[in-house]
Trainee: 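One structure follows; several queries about it will come next.
The structure presented is a predicted model; accordingly, all values stated were derived computationally and were not measured. Naming convention: chains lettered A, B, ... in sequence-line order (proteins, then strands); numbering from 1 in each chain.
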Amino acid sequence: MSRYDPAAIEARWQKAWEEAGIFKAKADPSKPKYYVLEMFPYPSGRLHMGHVRNYTMGDVIARYKSSTGHAVLHPMGFDAFGMPAENAAMASGGHPKDWTYANIDTMVEQMKPLGLSLDWTRMFATCDPEYYGQQQALFLDMLAAGLIDRKPAVVNWDPVDMTVLANEQVIDGKGWRSGAEVEKRELTQWFFKISDMADELVDALGDLDDWPAKVRLMQENWIGRSRGIEIRFERTDGGDPILCYSTRPDTMRGASFIAVAPDHPVAKALEADRPDLAAFIDECRKMDTTEAAMEKAEKKGIDTGVRVKHPVYPDRELPVWIGNFVLMDYGTGAVFGCPAHDQRDLDFARKYDLPVQNAFYMPGDTTEVGNEALVPAKSEVVSFIDHFAGVGDVTSQEAIDATIDWFEAQGLGTGQTQFRLRDWGLSRQRYWGCPIPVVHCDACGVVPEKKENLPVELPYDNAGEPIDFSIPGNPLDRHPTWRDVPCPACGAPAQRETDTMDTFVDSSWYYTRFTAPRAETPTEPEAVGYWMNVDQYIGGIEHAILHLLYSRFFARAMIKTGHLPETAAEPFDALFTQGMVTHAIYKSVKDGRPVYHYPEEVTLKDGKAFVGEMEVETVPSAKMSKSKNNVVDPQAIVSQFGADTARWFVLSDSPPERDVEWTASGAEAAYKHLTRVWNLCDRIGQMDQSAPGQGDQDLLREMHKCIRDVTSGVESFGFNAAIAKLYAFTATLQKSKASHAAQREAVMTLAQLMAPMTPHLSEDIWAHQGGDGLCARAPWPQADEAMLVEDTVTLPIQINGKRRDEITVAKDMPKDEVEKLVLANDAVVKALGGNAPKKLIVVPGRIVNVVI
RNA sequence: GCCCGCGUGGUGGAAUGGUAGACACAGGGGACUUAAAAUCCCUAGGCAGGAAUGCCGUGCCGGUUCGAGUCCGGCCGCGGGUACCA
């Protein structure tokens, strides 16, 4: 008897698939097409289990769709620009390009043995000049179409390293390398005008039926459409009025101060003459720019001395403060504070001793606000007393609408729809990204590069000398032979833009490029016409907002610039967000800085973790991340047990949308099971073919149930449940005494049902049993409805909602007959004690509940 | 802080509002073996009980319902995102 030998089997079948060329995507008008895409990886250097999980899920779908007669496109590429490559070059010399391509090679080498049904001929990396050159062409078309803007924006500035820092590089307000206090600095930056599309980006979410509701909700909240009002406050000193935006104008009566952003014109105008204001504004400039940090920071302010009149009660004067919590780029950069009905404003008012006055009460109550603001939901009824807009007991929403109408009628303000969504700043002051294809000319201003000069390629070296990445700042700035070029318009000496694009740009259109990856234009009409949209997109929930929103914007921009058909406005028909593979983090502290240890360095003793003799801290269950070193390498599993085991295991234990904590046990169990299946096939192959069997019908009935359950499991991303059914059916088959013919049919069907998960093993079984051609080409088995019909059904009997007994009845037994049987049931008779039940609930085919 | 999720045995988890714990891991018992490994069989939520069986049980508190892991409200804990990590 031979043994299950995955190494031999997997190499053999991978070769057979390659020779048959069955994974090459071929447009075939006679077939329905299916485009399945997993979010492409960043080439960090090694594949981790999260990648394996992601690509295996996609592969299950791709192989399943292929066996149901679809022309499948299942490509792979690399999201290859980004900071880690520059950091690696900074830390250990070398070149980001070399580092990146070496990593890509390694990862492809690691992916190939997994047996994924990928069309490798379509592979590209976003750092290929052929790709980013087309991206530059897209940029120029979008610029011409008015979809791009240039305006000032604030960045994190490290005054010691003289460089711009990413948020990730700012730790407790200090630069990660220099340790210097980070400042804000204003630079002129390029922006995609995504906020112009805010309305349609919200509205279209409603049609994305095959997207998770949570993702649609997150995007809706992120875009944050709100109806509010812009109110004009006149200054008592006759200066320019201050415009405030509010979504809660119903609280206007309680307005007691105005807060403006530190960079609001009112604040800026006073800065020169008021050292105290200047100092406060300066302090605000040093604050962390992230939203989380801003919101969590202590709310502080300073009185400017400026006063405005309350628009409804002109004899009330409101002080104008600068608040560190007001954002210049949302609304008008100024808000009115109503302490009674906003907790933040109340805290602020108590801190700085500002008045608190109710605009309304809850009905029947006139309690003044203490330290808790009165903030009813918009659907709650509130009671307005002495209100200018004449509202009485109404819901807050009605009051908001009435107030907006009233303000508009009085000419004191205008109703406005505001969005939380800001324009997408794409400029990055970094080397390893797609160069922005424009030239700055003293005479002509900003001049787009000519398309025939694309790609604007990144220089590999600097006039023959290696680029020194250890010097902070953007090397393109100190690269005269690359930077200094003639103006494309007038020919005078000019300079290239040295900023590169945000890497989110690269990933916002790659899915269209896969349809014609070598085309001379960004897309190719016939190819996008056939393959778009992506039928199933699969990736991490961490991309729920930014990547997916930017991609949706880009698809629309590509329609406007003629690169996509109208039908591709929503490029991803269905989205599945998988959970992450998590793993404990092992952490120690050295010289005041955290040090992260690799799992393989750690030994576990008595629930404590040690590296050598040193005990280290264990942080349970965190996202696998290169910077935390808690990454598990799948290669060990593959070389020990084979790809089929790795694939089976990552699908078997956890539901795909949930996070899974990686543990070493379990992989072995998967291997044992696959060995069992292989041995089963072997045994059936050696059966006496003429011997009579028993229970053929029972076996085949179970087989058809298994087909039904696995099919629905695969179609609904219930891979773990599908695998549970496969375990159960394998056990049934093992115990079966059925004839050779029935067992052979069962094991071949089993192989087919397992094929999306364990394609190599399935091919081997298929071949052993004399299957026709490749298992991967065989049509998906169909469940025979006639075999699935059951004639009896078991009904649990509940008494007061608790299960007490069960009865088996004919499937179509009428309700009244079931009732008679139930009332005659021993447990029921005993519980009733001669009384009639209060209620008898019979749900046909489901359950019976006797209420006593 | 804000937005969005998640929470079920020792563990991963299953369960269209209808028998909570499928399937699997680890465990316990047994068969085979000189022995071990491998394999196979049985067992298994907790408490009480010899058993039959009873009570309790899906993070916590409350609600809707004949019936709630599932729906609603309020908490607690954990995770993701928070616009320059990808």
Trainee: Counting only side-chain heavy atoms from C-beta out, which of B:C40, B:A20, B:G67 sits nearest to A:Asn849?
Mentor: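 Comparing B:C40, B:A20, B:G67 against the side chain of A:Asn849, the answer is B:G67.
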Trainee: Tell me whether A:Arg53 contacts the main-chain N or O of A:Gly579 through its side chain, where contact means a donor paired with an acceptor under 3.5 Å.
Mentor: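 Checked: pair present.
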Trainee: The side chain of A:Glu291 is closest to which nucleotide in this list: B:C84, B:A83, B:C56?
Mentor: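 Closest nucleotide among those given: B:A83.
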Trainee: Any side-chain N or O of A:Lys802 under 4.0 Å from OP1/OP2 of B:C56?
Mentor: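 Checking A:Lys802 against B:C56: at least one side-chain N or O falls below 4.0 Å of OP1 or OP2.
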Trainee: Distance check, rounded to the nearest 0.5 Å: A:Leu753 atom CG versus A:Ile723 atom CD1?
Mentor: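 The CG atom of A:Leu753 sits 12.0 Å away from the CD1 atom of A:Ile723.
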Trainee: Using modelled atom types only, decide if a donor and an acceptor are shared between the side chain of A:Asp149 and the backbone of A:Lys193 within a distance under 3.5 Å.
Mentor: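 No.
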Trainee: Counting the atoms with a prime plus P, OP1 and OP2 as sugar-phosphate, which does A:Val164 contact under 4.0 Å by heavy atoms, base, sugar-phosphate, or nothing?
Mentor: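 Base, at least one base heavy atom under 4.0 Å.
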Trainee: Mind checking A:Gln169 for me? I need base, sugar-phosphate or nothing, with any heavy atom below 4.0 Å counting as a touch.
Mentor: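 Touches nothing.
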Trainee: Are the side chains of A:Ile436 and A:Leu426 in contact, using a 4.5 Å heavy-atom criterion?
Mentor: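 Yes, their side chains come closer than 4.5 Å.
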Trainee: Quick check on B:G7: is either OP1 or OP2 less than 4.0 Å from any side-chain nitrogen or oxygen of A:Arg658?
Mentor: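 The answer is yes; a side-chain N or O of A:Arg658 sits under 4.0 Å from OP1 or OP2.
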Trainee: At 4.0 Å (heavy atoms only), tell me whether A:Pro655 reaches a base, stays on the sugar-phosphate, or touches nothing.
Mentor: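 Contact class for A:Pro655: sugar-phosphate only.
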Trainee: What's the closest nucleotide to the side chain of A:Gln798 if the choices are B:C4, B:A24, B:U19?
Mentor: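 The answer is B:U19, which lies nearest to the side chain.
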Trainee: Within the 4.0 Å heavy-atom criterion, would you say A:Arg804 contacts the bases, only the backbone, or no part of the nucleic acid?
Mentor: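 It contacts sugar-phosphate atoms only.
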Trainee: Could you tell me whether A:Val155 contacts a base, only the sugar-phosphate backbone, or nothing, with contacts defined as non-hydrogen atoms closer than 4.0 Å?
Mentor: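 Result for A:Val155 = base.
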Trainee: Quick one: label A:Ala292 by what it contacts on the DNA or RNA (base, sugar-phosphate, nothing), any heavy atom closer than 4.0 Å.
Mentor: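 Base, at least one base heavy atom under 4.0 Å.
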Trainee: Would you classify A:Leu217 as touching base, sugar-phosphate or nothing, given that sugar-phosphate means primed atoms plus P, OP1 and OP2, and contacts are heavy atoms under 4.0 Å?
Mentor: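 Since only primed, P, OP1 and OP2 atoms lie under 4.0 Å of A:Leu217, the category is sugar-phosphate.
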Trainee: Which is true for A:Ser652 with a 4.0 Å heavy-atom rule: it touches a base, it touches only sugar-phosphate, or it touches nothing?
Mentor: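 Result for A:Ser652 = nothing.
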Trainee: With a cut-off of less than 4.0 Å, is there a side-chain N or O of A:Lys839 near OP1 or OP2 of B:C66?
Mentor: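 It does, given that an N or O in the side chain of A:Lys839 lies less than 4.0 Å from OP1 or OP2 of B:C66.
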Trainee: How would you label the contact of A:Gln189 with the nucleic acid (heavy atoms, under 4.0 Å): base, sugar-phosphate, or nothing?
Mentor: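 Base, at least one base heavy atom under 4.0 Å.
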Trainee: Can you tell me the base-pairing partner of B:A35? Count Watson-Crick or G-U wobble geometry only, both distances below 3.5 Å, and say none if there is no partner.
Mentor: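 Paired with B:A35, as far as the under-3.5 Å criterion goes, is no nucleotide at all.
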Trainee: Report yes if a side-chain nitrogen or oxygen of A:Thr290 is closer than 4.0 Å to either non-bridging phosphate oxygen (OP1 or OP2) of B:U82; otherwise report no.
Mentor: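 So the side-chain polar atoms of A:Thr290 never come under 4.0 Å of the phosphate oxygens OP1 or OP2 of B:U82.
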Trainee: With a non-hydrogen cut-off below 4.0 angstrom, is A:His543 in contact with a base, only sugar-phosphate, or nothing?
Mentor: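 Base contact.
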Trainee: Taking only N and O in the side chain of A:Asn221, is any of them less than 4.0 Å away from OP1 or OP2 of B:C4?
Mentor: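 Checking B:C4 against A:Asn221, a side-chain N or O does come within under 4.0 Å of OP1 or OP2.
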Trainee: Where the side chain of A:Thr808 meets the backbone of A:Thr794, is there a donor-acceptor pair that is under 3.5 Å apart?
Mentor: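 The answer is no, because no donor-acceptor pair under 3.5 Å joins these two groups.
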Trainee: Considering only B:G18, B:C3, B:G1, which nucleotide approaches the side chain of A:Lys296 most closely?
Mentor: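 From the listed options, B:G1 comes nearest.
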Trainee: With a non-hydrogen cut-off below 4.0 angstrom, is A:Asn720 in contact with a base, only sugar-phosphate, or nothing?
Mentor: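 Sugar-phosphate contact only.
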